[in-house]
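These numbers come from a predicted model, not from an experiment.
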Amino acid sequence: MEFSFDRQSHKFGYLKYTATFLIVALFVYGTYLVTGHSLIWRLDGANQHLPLLIEFRKCLLNFIHHPSLAALPGWSWHMGLGGDAFQVDAYYLFGDIFAYLVLLFPASKMIFAYQLLIVLRLYCAGLAFCWCAFHLKLKDSSVVIGALVYLFNAFLLYSNVAQPFFTLPFIIFPILIVNLERVIQGRSVWPLLFTFTWMLINNFYFAYILGLGAIVYLGLRLLCDLKAKKNYLKLFAKLAGATALSIINAAVLLLPEIIAVHNSTRTSSTFANGLKVYPAYYYLSLPGQLINGGNRDFYFWSALGFASIAFFAILYTLKAFKQYRIINSVLIISFIILLIPACASVFNGFLAPSNRWTLMLCLPIALACAALADNLETLSVKNIKGFTIGAILYIAYVCADYFFQNNEKIFIPVVFLFVTLGALLLIHHYQPHHARQILLGVVLLNVICNAVYFEAPFNEGYSNEMLPRKSYSRLADIQYGKLAQKLTDQTGYRISTISQNADFGAGYHMYNNQQANVNSINSYYSLQNKLIGDFAQNLQNTQFEANIPLAQFDDRTVANNFFGVKYLFVHHQQPNSAKIPAGYTLDASQMLNTYTNDRILRYRTQQNFPLMYWQSKVFTPDQYAAYGPTQKERALADGVLVNHPTGLPQASVKGQVINLPFKLISSNGNLIDSQHLKHLDSNESYKVVLDLQNLTPEQQKALKNSELHLEFESLHYQPLTLKQQITMQQTNADYHLSDGKLTQNSKLSAYQAFRNNIISGLPDQSFKIRATTPLGKEVIKQPKAQILSFYKQVKNGTMNLGFYPQIPQTIALNFNHLGTYSFNLKLVAEPLGSQYAHQVQTIQKNRLRQLKLSPNHLQGTIKTTRPGILTSSIPYSDGWQATVNGKKVPLLRTNTAFIGIKLPAGVHHVELSYHTPGLKLGIIISAIGIIISAIGIIITLVSGGITLVRKKKE
């Protein structure tokens with residue numbers, strides 16, 4: 001297959017594609033409408049994409065009315081503790097050309113606009129494929145068949161709705177390949193430069209993936225064309241120049257985004273999640289994934305799920321290897337990459353082994369399908385025999401795998417494998433005049449059935465994850481009731497909820513705050529401040545995730561006070577509703593549902609720390625490093641951690657955290673050594689039993705009104721081997737047999753144990769340790785490696801068991817997986833009585849007064865009687881600058897992650913201003929790039945005109 005750049009008219013081809021797209025889209029999106037669902041995914045769509053798009057529209061209008069840097073989004077006090085809205089928008093929206101179409105819609109129609117743009121993006125992805133395929137001189141119907149395969153596969157059926165900006169690489173990649181081929185053939189480099197620029201502006205992450213894909217194509221293209229005489233020096237000079245100039249052009253968005261990625265929580269991820277090979281179930285299911293368009297398991301994002309014609313198209317191109325060398329080479333390389341986690345990690349920025357790169361695999365497979373359709377009349381007997389034998393062998397494997405995994409989602413793809421084979425046999429035998437139209441009809445019906453099965457609300461269909469229509473507008477009221485709307489003075493404090501208390505049914509969780517008049521500490525975005533993550537991990541926040549570093553910080557009192565959480569919103573019938581931090585008292589309530597007695601409660605405290613306050617004592621890094629997580633949390637009220645010498649008095653938390661003596665006892669009555677805990681019986685549980693007899697009377701008195709923490713250190717889990725797992729499960733099945741001896745079937749129970757372990761990925765390193773108290777349940781969990789972006793290696797964690805006027809005598813522990821556990825365990829009490837209350841009062845007294853907040857700016861005044869540190873719970877960033885009494889002063893990083901300023905004695909007017917790191921420099925660089933590009937285009941046009949004139953004269 002060779003690209004041709006001869007001018008051809010394909011308007012009928014585009015019309016055929018448009019008509020076909022509308023037919024499939026009617027079923028794809030109509031399924032959601034018929035079942036009463038919107039196109040708003042309950043996770044990323046409702047928490048990130050739609051709210052960000054609504055704010056983006058406001059930002060665009062503001063910039064149009066006031067075109068200046070000040071009109072661009074900067075520091076937002078509304079993103080968790082605070083964050084850079086420009087960096088977040090650069091990742092999600094600025095490079096999405098479709099996002100700018102929101103200006104055509106009024107604010108009241110933004111939910112409709114969001115869903116319309118989802119459909120429009122997918123349609124344009126098909127246009128991009130058609131434009132690419134028409135350069136290969138393929139027939140119109142063949143191109144439409146390829147477009148159906150390109151668009152309506154498991155990857156896009158999922159991501160075009162779940163994460164709409166995932167559709168954009170499907171638009172860019174075909175254009176990128178065509179324009180790269182244009183340069184290889186000695187034509188103009190400008191289209192490639194513009195495509196590179198768009199790719200880089202669109203999204204840094206996808207630019208990385210598509211860039212690797214372009215390099216692979218370039219390498220294969222040149223290797224397959226070694227005999228051709230090319231000026232390789234000139235070619236590489238063109239490509240290098242286009243790459244460099246596109247980077248310069250995109251710097252305005254690229255530079256701030258790279259800085260944000262470099263300083264994000266993702267940089268601490270483990271390469272390939274520690275995997276050397278994938279679990280067995282991944283390899284077993286991979287062949288079936290090729291045509292399983294109804295599948296949503298997406299093991300390690302190997303989201304293939306093409307129409308069944310893809311199987312025959314691959315056989316066809318492999319048979320004609322020389323004719324389709326690039327496509328076949330890509331297929332072979334892709335197959336190898338799919339087998340090795342390290343390769344997936346490289347394509348995912350050296351992070352989790354995510355096979356999102358398979359979005360690029362859609363192009364060669366769709367082109368292979370178009371090539372098969374284009375050559376229906378020339379199919380040989382060998383081709384037909386190969387299709388038949390291949391289909392029989394493939395079906396045999398799929399059936400065997402079905403017997404093992406019982407995945408009924410493969411049923412429709414298998415049916416259409418036979419139907420497609422039948423169509424190919426019929427076309428070969430009878431040679432009908434409308435062969436391609438017959439095949440198009442089969443593929444059309446195939447993708448429609450796949451899509452409907454994928455989305456219909458049966459058998460865990462995808463529509464179950466969509467918000468019901470008209471429900472998004474009610475989310476804000478459901479999150480806090482109307483209790484947040486009644487809060488009038490929001491300056492300088494934040495709100496939060498209770499951990500595991502934000503489940504609104506059907507798996508929907510609200511991670512981001514949906515109300516503009518209050519600021520929540522929780523936030524859920526792909527780019528999170530790495531320092532906030534470090535702070536959370538230093539204090540061993542069990543809720544830490546790379547995308548959600550704080551959550552509710554496990555409801556720990558001092559942490560909530562430090563973050564300035566003045567109000568807590570609690571759903572009465574949700575978990576942990578009784579686990580209220582110390583000092584929070586019921587302030588208001590609202591009935592949400594009288595039939596179920598579902599109420600939302602608002603708790604208020606007087607002990608929230610100010611946003612900025614003065615501290616006279618400091619902790620040194622060495623001193624801080626020696627503290628346990630509870631001591632580090634308690635230190636927030638005693639002083640401030642500063643990394644550099646200050647000459648200030650040293651703080652201490654001595655006596656403010658009490659280690660409690662205890663014993664770990666199994667339900668069988670055995671004393672357990674936590675360094676070697678063998679959990680071999682799934683019915684066995686454990687208890688932490690307090691032994692308070694050895695405490696002094698003063699300590700026992702101090703224990704009243706304390707928060708109780710379980711601190712796990714050096715946590716290690718060794719799972720049973722597969723053989724051990726099977727033996728243990730079979731033994732338990734035989735032992736707990738309730739139907740009598742005659743039903744005992746050891747072979748069946750052994751097979752079931754083997755099957756269940758393989759399917760669930762056992763043995764693996766994941767585990768859950770759950771603690772149960774009268775106030776609720778807490779958990780420390782090691783995720784499975786397949787969790788990808790949410791994967792973390794758990795070596796420690798601190799469970800907040802709650803605040804108690806009287807310490808409970810026992811805490812129940814449970815381990816979900818059999819195996820050997822090893823950990824150091826401490827049970828500590830954090831007294832929160834009069835001493836803590838006095839410290840909080842001192843902090844509040846020393847607050848920054850006359851506080852004024854605005855985007856990118858904070859100001860206030862403070863009077864100090866001696867030198868100290870003005871500290872805060874404002875996340876540190878290089879974008880902050882500070883002035884005191886009009887003079888610029890250096891910023892300190894305090895308490896690991898927050899901004900601070902050293903102040904002498906006196907009265908001080910403090911101002912903080914924020915500028916997105918890299919933005920000004922990026923604007924200058926991009927301006928230079930645009931000027932260079934403009935000059936280059938003018939020179940090209942002039943030189944081209946001169947050449948044309950000379951040719952006419954000749």
Side-chain angles (χ1 to χ4, degrees), residues 81-82 492 529-532 534-535 538-539 558-559 561-564 609-657 835-851 858-914:
L81 298 183
N529 190 318
K530 182 178 184 297
L531 296 176
I532 296 297
D534 292 342
F535 174 82
N538 282 341
L539 270 62
V558 178
N561 291 165
F562 170 74
F563 295 139
F609 292 14
L611 187 62
M612 295 197 78
Y613 55 94
W614 176 82
Q615 287 278 42
S616 60
K617 295 181 180 180
V618 298
F619 293 96
T620 66
D622 291 341
Q623 180 187 15
Y624 189 78
Y627 286 158
T630 304
Q631 290 174 309
K632 290 177 180 178
E633 180 189 11
R634 189 64 179 81
L636 294 170
D638 287 85
V640 56
L641 169 66
V642 181
N643 292 335
H644 304 290
T646 61
L648 297 175
Q650 188 168 304
S652 173
V653 295
K654 185 177 180 181
Q656 297 181 39
V657 174
Q835 183 179 7
Y836 175 71
H838 176 71
Q839 290 172 327
V840 173
Q841 289 172 3
T842 302
I843 287 171
Q844 293 175 337
K845 181 181 177 181
N846 294 328
R847 70 185 182 277
L848 187 69
R849 298 176 183 273
Q850 299 175 13
L851 180 67
L858 175 150
Q859 65 178 354
T861 60
I862 189 170
K863 181 179 180 180
T864 60
T865 57
R866 58 187 184 277
I869 303 294
L870 183 65
T871 188
S872 72
S873 56
I874 302 171
Y876 182 90
S877 167
D878 290 335
W880 283 111
Q881 293 181 344
T883 61
V884 176
N885 298 327
K887 295 182 180 179
K888 188 176 179 179
V889 296
L891 273 178
L892 301 175
R893 181 156 59 88
T894 62
N895 293 324
T896 305
F898 307 97
I899 60 174
I901 304 169
K902 186 177 180 180
L903 295 176
V907 177
H908 310 288
H909 178 72
V910 178
E911 288 194 44
L912 293 172
S913 58
Y914 184 82

Under the criterion side chain to side chain contact (heavy atoms under 4.5 Å, CB included), I'd like the reasoning laid out for Phe898 against Val640: C-alpha separation, chi angles, the key distance, then a yes or no.
CA-CA 10 Å; Phe898 307 97; Val640 56; over 6 Å; no
Run Leu870 and Val884 through side chain to side chain contact (heavy atoms under 4.5 Å, CB included) and show every step you take.
CA-CA 11 Å; Leu870 183 65; Val884 176; over 6 Å; no
The test is side chain to side chain contact (heavy atoms under 4.5 Å, CB included); show your working for Ser877 and Tyr914 and say whether it passes.
CA-CA 9 Å; Ser877 167; Tyr914 184 82; 3.6 Å; yes
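Checked options Leu531, Ile532, Leu539; the residue passing with Phe535 is Leu539 (criterion: side chain to side chain contact (heavy atoms under 4.5 Å, CB included)).
Side-chain atoms of Leu891 and Leu912, non-hydrogen and from C-beta on, do get closer than 4.5 Å to each other. Looking at heavy atoms from C-beta onward, Asn895 lies in side-chain contact with Phe562 at the 4.5 angstrom threshold.
Judged by distance alone, the side chain of Ser872 and the main-chain N or O of Ile899 form a donor-acceptor pair under 3.5 Å. Judged by distance alone, with hydrogens and angles left aside, the side-chain atoms of Asn529 form a donor-acceptor pair with the main-chain N or O of Tyr876 at under 3.5 Å. Side-chain atoms of Gln850 do not come within 3.5 Å of backbone N or O of His909 as any donor-acceptor pair. In this structure, Thr864 contributes its side chain and Pro904 its backbone to a donor-acceptor pair below 3.5 Å. No side-chain donor-acceptor contact under 3.5 Å links Thr894 to the backbone of Leu641.
Taken from CG in Leu848 to CG in Leu858, the straight-line distance is 6.5 Å, to the nearest 0.5 Å. Between Leu611 atom CG and Leu81 atom CG the span is 9.5 Å, to the nearest 0.5 Å. The distance from the CG atom of Leu851 to the CE atom of Met612 is 9.0 Å, given to the nearest 0.5 Å. Put simply, NZ on Lys632 and OG1 on Thr896 are 7.5 Å apart, with the number rounded to the nearest 0.5 Å. Taken to the nearest 0.5 Å, the CG atom of Asn643 stands 11.0 Å off from the OG1 atom of Thr646. Taking CG from Leu648 and CD from Gln615, the interatomic distance works out to 11.0 Å, rounded to the nearest 0.5 Å.
Remark: Asp638 pairs with Arg634, Gln656, Gln839 by the side-chain hydrogen bond (donor to acceptor under 3.5 Å, both in side chains) rule, at least two apart or across chains. For Lys530, the salt bridge (charged side-chain N to carboxylate O under 4.0 Å, His left out) test picks out Asp534, with sequence neighbours left out.
In this structure, Gly82 and Pro875 approach most closely via the heavy-atom pair O-CG, 3.6 Å. Between Ala651 and Lys617 the shortest heavy-atom distance is CB-CB, 3.7 Å. Of all heavy-atom pairs between Gln631 and Tyr627, the closest is OE1-CA, 3.4 Å. Summarising the geometry of Trp614 relative to Pro867, their closest heavy-atom pair is CZ2-O, 3.6 Å, with the distance given to 0.1 Å. Contact between Ser616 and Pro649 at its shortest, heavy atoms only, is O-CD, 3.4 Å. Of all heavy-atom pairs between Pro610 and Ile843, the closest is CD-CG2, 3.6 Å.
Side chain to side chain, Tyr624 and Asn538 fail the donor-acceptor criterion of an N or O pair below 3.5 Å.
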